[in-house]
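Because the structure is predicted, anything quoted here is derived from the model rather than measured. Excluded from the calculations below are hydrogen atoms, water molecules and symmetry mates; all remaining heavy atoms, backbone and side chain alike, are included. Numbered from 1 within each chain, the chains take letters A, B, ... in sequence-line order.
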Amino acid sequence: MAGYPAWDQDSARSIIAGLAHLEGATLPILHALQEEFGHVDPQAVPLIAEALNLSRAEIHGAISFYHDFRTVPPPRRVIKLCRAEACQALGCEALVAHLAHDHGIVVDDHSGAADIAVETVYCLGNCALGPAALVDGELIGRVDAGRLAELCGSQVGSSHAGARA
Amino acid sequence: MNPVAIKIFVPIDAAALSVGAEGVAQAVLREAQARGVAIELVRNGSRGMLWLEPLVEVETAEGRIAYGPVAARDIAALFEAGFQSGGTHALRLGVTEELDWMKRQQRLTFARIGVTDPLSLSDYSAHGGLAGLKAALAMTGEAIVETVKASGLRGRGGAGFPTGIKWKTVHDAPAEQKYIVCNADEGDSGTFADRMLMEGDPFLLIEGMAIAAVAVGATKGFIYLRSEYPHAHRTLQRAILKAENAGILGDSVLGSGHAFRLEVRLGAGAYICGEETSLLESLEGKRALVRAKPPLPALQGLFGKPTVVNNVLSFSAVPWILQHGAKAYADYGMGRSRGTLPVQLGGNVRRGGLIELAFGISLREIIEDMGGGTLSGRPIRAVQVGGPLGAYLTAGQLDVAMDYEALASMKAMLGHGGIVVFDDTVDMARQARFAFAFCAKESCGKCTPCRIGAVRGVEVMDRIIAGTERPKNIAVLRDLNRLMTDASLCAMGGLTPMPVMSALNHFSEDFDRPLPALAAE
């Protein structure tokens with residue numbers, strides 16, 4: 001996925017202003033900011049709080065409660081790997097072990113500045129064609145070690161011509 | 001489009017896309033053009049035979065002929081074999097409607113899915129769409145509510161509460177503003193019916209919600225959709241726009257004078273938002289902490305106003321009921337489980353997918369007859385029904401009927417109708433540990449039994465797996481489960497003991513395994 005523009009207070013402010021009229025606008029605003037910048041910068045907290053007449057604590061609370069929101073820019077590629085029961089029944093945990101052993105990728109490890117991150121997700125609704133993963137908004141079924149290696153490989157980019165809407 | 005063009009169907013359902021449907025669609029277009037064959041490519045929903053995806057269909061005088069599973073590289077050979085007129089090829093399956101999987105079903109809610117173009121309103125109307133809403137608009141709100149009540153429809157989201165009674169409460173509550181909220185936070189592992197419905201027939205959900213709005217006097221609705229479903233999100237947004245342009249949504253629903261507007265809102269990766277009160281908190285823009293009940297959402301729901309909160313499948317069952325009558329719906333099913341249930345079969349199963357049937361079929365018929373047993377070919381060992389909070393059943397318990405009460409009598413639950421199959425390589429102590437770990441990760445944190453209990457549960461399971469004082473720790477486990485069941489605020493903490501206790505009671509040998517030589521994961 002292409003890089004995101006650097007955090008910009010003015011454009012953040014205009015995104016917030018464009019959505020502040022919605023009933024319960026907090027999540028739509030957080031999603032819009034993350035879509036624009038790849039993350040929700042902590043500098044957004046006072047802006048949103050002011051626009052919605054809420055406390056900073058309430059906005060911070062929402063950002064930190066939901067698994068989706070990031071407060072730092074994402075790696076170049078994020079692979080969301082399903083580790084719920086249906087995918088467990090088809091060996092997703094062996095894929096997790098394989099990633100660590102053969103590729104040195106620890107699932108859900110956010111400590112380094114890794115180029116590629118694999119994150120746990122619980123259920124992608126593809127339970128009859130698991131193991132499943134979500135990459136750049138596209139669902140991938142019947143993931144095996146080879147496919148996962150391909151997704152993690154640096155050459156990936158546009159090479160998986162399969163599922164593009 | 002050329003009127004003599006051959007209609008070819010390639011699904012746009014996310015599961016079909018996940019195994020290459022987009023590449024197949026592109027290959028069909030390329031190959032048809034290269035050969036000068038006039039085709040109309042329809043991107044339909046999935047028929048639910050997911051092991052056959054991508055499933056390509058061709059319209060012929062005989063009916064629609066299915067081919068599958070088709071890869072992009074098969075397309076040239078298919079054209080060569082004359083598949084555009086239903087020709088013979090190794091991938092030819094026959095007339096879609098005549099396939100055993102399709103013939104055995106009773107598709108009411110899913111009747112159109114896989115058949116029509118999901119975003120074509122003319123296709124929708126031509127296949128019975130809007131008939132329920134039109135019938136509802138000729139009735140009083142009270143009469144609509146009575147019809148839903150008489151149909152016996154119970155919420156398909158998991159709790160199984162009678163839908164008509166919920167609607168009656170909202171109908172009778174005096175308020176200047178009421179809301180309709182669709183719970184589309186389908187987070188249970190093993191479930192995908194909501195997703196398939198939203199991607200395959202989004203106008204059906206819109207129609208069902210509009211009927212609810214007219215029935216109770218609500219003017220605003222929200223579909224709270226989980227962020228894990230980006231395809232469904234795009235489809236719903238397009239469908240809502242089309243419905244607005246066609247006057248189905250807006251100031252005057254089909255010219256009736258009833259106003260109803262609808263918005264899709266995305267969740268942000270929190271399983272707890274499938275719980276209705278925490279979903280409402282999230283819609284209001286807050287951390288999704290579960291609310292204590294009472295007050296019921298029907299009386300004080302979204303922004304404190306009377307609110308109908310129902311699952312995608314519950315709303316989507318309503319148009320059929322209004323179109324065909326309450327009795328016609330209630331004639332399906334058994335006991336207090338009336339109508340049909342979209343069953344979702346997944347996990348380690350050869351033929352997984354969606355099956356809509358009247359309540360009452362046994363788990364064994366579904367898994368063995370329709371599903372063909374495990375994908376790995378190994379024996380079935382455990383089956384989890386009803387999502388991550390549902391019980392694990394043994395291969396010997398599969399004769400139970402798919403019915404709310406029948407499963408409850410076995411200390412199991414039907415939930416949202418998801419079935420996940422495991423073969424004999426599964427370690428049930430590890431599955432019990434996972435149930436706690438999942439609860440610990442996804443707990444909203446408001447009540448102590450769930451927040452702390454789940455963490456303690458992981459610790460206790462780790463000790464049991466490691467062989468530390470097993471009898472004592474199993475006693476602690478039972479005690480902890482009782483406490484979580486009795487004292488948790490909602491089903492998250494209250495039902496996590498269900499998978500744990502079923503694993504312990506039915507698969508106790510896994511809690512007493514000889515220790516492995518290495519403590520490797």
Residue part contacting chain B, namely of [X], when any heavy atom lies under 4.5 Å:
X: A:Ile59; result: neither
X: A:Glu85; result: both
X: A:Leu134; result: side chain

Is [X] close to chain A through its backbone or its side chain, or both, or neither, when contacts mean heavy atoms under 4.5 Å?
X: B:Lys441; result: both
X: B:Leu345; result: backbone
X: B:Ile272; result: side chain
X: B:Ala288; result: both
X: B:Gln344; result: neither
X: B:Cys273; result: side chain
X: B:Arg226; result: side chain
X: B:Asp13; result: neither
X: B:Leu266; result: both

Quiz item: A:His31 side chain to B:Ser227 main-chain N or O, any donor-acceptor pair under 3.5 Å?
Solution: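 Looks like no, no N/O pair under 3.5 Å.
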Self-check item: Residue, of B:Gly387, B:Gly269, B:Gly352, that accumulates the most heavy atom pairs under 4.5 Å with chain A
Solution: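 Heavy-atom pair counts peak at B:Gly269.
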Exercise. Select, from B:Met196, B:Arg43, B:Glu442, the one with the greatest count of heavy-atom pairs under 4.5 Å involving chain A.
Key: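 The answer is B:Glu442.
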Quiz prompt | More than 12 heavy atoms from other groups under 6.0 Å of CZ on A:Arg142 | solution =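 Yes, CZ of A:Arg142 has more than 12 neighbouring heavy atoms, counting only those of other groups under 6.0 Å.
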Practice problem: Answer yes or no: is there an ion pair linking B:Arg287 with A:Glu58, defined by an N-O contact shorter than 4.0 Å? | Solution: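 Answer for the salt bridge query: no.
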Practice problem: Please find out if less than 6.0 Å separates the ring center of A:Tyr122 from that of B:Phe438. | Solution: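 Distance test on ring centres: under 6.0 Å, yes.
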Practice problem: Kindly indicate whether the side chain of B:Tyr229, heavy atoms from C-beta on, has any atom under 4.5 Å from the side chain of A:Leu139. | Solution: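 They are not in side-chain contact.
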Exercise. Answer with yes or no whether the side chains of A:Tyr66 and B:Ser282 bring together a donor and an acceptor at under 3.5 Å.
Key: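 There is such a pair (donor and acceptor under 3.5 Å, judged by atom type) between the side chains of B:Ser282 and A:Tyr66.
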